[in-house]
Number of protein chains: 2
Amino acid sequence: MEKLRSNIEEVTPVSDGEMAFIHSFFSLKKVRRYQYLVQEGDDVPYEYLALSGIYRVYYLADDGKEHIVKFAEENCWMSDYKAFFKHDRASMFIECMEAGEVLCLTLYGREQLSAELHKMEHFFKVRLTNEYVALEERVKQLLSNTARQRYEAFLKSHPGLLQRIPKKVVAAYLGVCRETLSRLYLSC
Amino acid sequence: MEKLRSNIEEVTPVSDGEMAFIHSFFSLKKVRRYQYLVQEGDDVPYEYLALSGIYRVYYLADDGKEHIVKFAEENCWMSDYKAFFKHDRASMFIECMEAGEVLCLTLYGREQLSAELHKMEHFFKVRLTNEYVALEERVKQLLSNTARQRYEAFLKSHPGLLQRIPKKVVAAYLGVCRETLSRLYLSC
DNA sequence: GCCGGGTTGTGACATTTATCACACCACATT
DNA sequence: AATGTGGTGTGATAAATGTCACAACCCGGC
């Protein structure tokens with residue numbers, strides 16, 4: 001609960017009473033390694049706040065290759081938002097790479113919270129704009145940076161992660177093949 | 001005003017009275033070819049709804065190359081949202097490529113509208129989630145598709161646009177050089 | 001201890017794309 | 001008509017990256 005609170009208070013302060021109310025909309029879920037929170041074709045009833053663990057949000061391209069949209073570590077929100085917001089089937093997978101816990105929030109819970117507490121409406125709006133801006137950065141990154149520049153940016157934005165997960169997964173995030181990534185960090 | 005109304009009513013119906021109220025928050029601006037709505041370093045007081053004309057949202061990479069984040073035609077909203085939402089200086093340019101008219105809305109006006117009319121708050125939220133999902137699609141596009149696939153997707157998503165603007169601009173959107181684009185559409 | 005599967009590095013080669021150079025064309029100006 | 005400018009196609013070449021193959025390694029299960 002403290003982690004949820006500190007996450008919210010990055011945007012807006014909340015009282016103890018409000019916090020208890022907010023917390024009641026979330027359910028806790030323990031997640032094992034290799035467990036999926038979302039699989040392609042699923043309904044997506046929740047968005048998730050990672051309390052611990054490492055997760056990857058990815059999809060399968062037509063040619064069968066995996067491409068990773070984002071990594072989520074502690075304090076990150078994640079879902080297949082397209083499906084979540086539009087009550088559609090998932091086009092992506094969310095897989096746990098290191099066991100941990102997540103908090104689950106339904107779209108209905110989200111709307112209830114927004115309606116009851118104006119500051120939560122504000123919180124969700126700020127979070128969405130932040131996610132939007134982050135995605136825009138990722139587009140810029142992919143458009144104008146070389147594989148090496150993207151690799152170096154990844155090291156900065158995800159310190160230590162390279163050591164904890166398979167390199168082919170990092171390659172799928174950067175948009176290069178495993179071998180190219182391998183050759184990138186020896187020439188440094 | 002009718003174009004603004006139909007844009008809003010893609011999400012939610014509004015009465016004549018509401019529409020007049022909403023409209024009062026917007027200002028109309030005529031835009032000439034080559035005119036900038038936003039330039040790098042500017043404050044970004046507005047977001048814009050294109051009523052007519054063609055606009056490009058782009059930025060300059062470190063090596064001086066232009067990269068286009070999106071094209072906006074009739075019925076598209078645009079701004080440098082990072083700067084707009086966070087009261088920061090623009091990191092992007094918005095240039096008019098075919099003369100037209102835009103409606104301008106300040107962040108303050110946006111918040112006033114949201115506070116006064118709950119359906120407008122909803123409208124802005126839906127719009128932001130749609131923009132978010134669209135960006136996510138663009139990330140997927142850049143991650144998993146070849147230059148040729150991106151070219152073909154561009155033809156579908158922006159019918160007729162290729163004929164109306166310089167090819168090098170399209171190339172800057174697709175993330176390839178001018179010559180590569182030139183070679184793409186002869187091998188079709 | 002031994003085996004088998006997955007991960008990683010690395011070389012050889014193919015493919016894709018960028019870069020550079022140049023010619024041609026449309027168009028506006030003088 | 002002469003001129004200049006920007007857009008466009010195209011060839012030659014270089015650079016980046018992907019593909020394929022293989023060997024070394026780690027690690028867990030038996």
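Quick note: numbers below take in every heavy atom, side chains included, and nothing from hydrogens, waters or symmetry partners. Order of the sequence lines fixes the chain letters, A, B, ..., with proteins taken first and strands second; residue numbering starts at 1 for each chain. Computed from a predicted structure; not experimentally measured.
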task: Among the candidates D:dT17, C:dA18, D:dG18, find the nucleotide nearest to the side-chain atoms of B:Val176.
output: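 Of all the options, the side chain of B:Val176 is nearest to C:dA18.
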Beyond-backbone contact of [X] with [Y], side-chain heavy atoms, under 4.5 angstrom:
X	Y	answer
A:Phe25	A:Gln112	yes
A:Val44	A:Ser79	yes
A:Ile165	A:Phe71	yes
B:Leu113	B:Phe26	yes

message: Can you pull out the residues from residues 55-69 of chain A that lie within a 4.0 Å heavy-atom distance of DNA chain D?
response: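 Under 4.0 Å from DNA chain D: A:Lys65.
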field: Any residue of residues 157-168 of chain B with a heavy atom less than 4.0 Å from an atom of DNA chain D
entry: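 Hits under 4.0 Å, by residue number: B:Pro166, B:Lys167, B:Lys168.
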- request: Ignoring backbone atoms, establish whether B:Thr180 has a side-chain N or O less than 4.0 Å from OP1 or OP2 of C:dT17.
  value: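 Checking B:Thr180 against C:dT17: no side-chain N or O falls below 4.0 Å of OP1 or OP2.
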Are [X] and [Y], when compared by the centres of their aromatic rings, separated by less than 6.0 Å?
X	Y	value
A:Phe84	A:Tyr46	no
A:Phe154	A:Tyr173	yes
A:Tyr132	B:Tyr132	no

- request: Find the distance A:Glu179:CD to C:dG11:P and express it as a whole number of Å.
  value: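 Going from A:Glu179 (CD) to C:dG11 (P), I get 13 Å.
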message: What is the distance, to the nearest angstrom, from the CG atom on A:Leu184 to the P atom on C:dT8?
response: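 About 15 Å, once rounded to whole Å.
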query: In this structure, are over 12 heavy atoms from other groups packed under 6.0 Å from B:Asp62 atom CG?
result: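 For B:Asp62, atom CG is not crowded (no more than 12 foreign heavy atoms under 6.0 Å).
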Worked check of side chain to side chain donor-acceptor pair (under 3.5 Å) between B:Tyr59 and A:Ser144: CA-CA 10 Å; B:Tyr59 65 98; A:Ser144 59; 3.0 Å; yes
query: Taking five pairs at each end, how big is the angle between the two axes of the helix from C:dG1-D:dC30 to C:dT30-D:dA1, to 10°?
result: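 Computed from the C1' atoms at both ends, the axes differ by 30°.
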task: For residues B:Val38 and B:Met92, report the shortest heavy-atom separation together with the two atoms involved.
output: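 Smallest interatomic distance, heavy atoms only, reads CG1-O, 3.6 Å.
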- request: Could you tell me whether the side chain of A:Arg178 has a donor or acceptor atom within less than 3.5 Å of a complementary atom in the base of C:dG9?
  value: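 Side chain to base: pair present.
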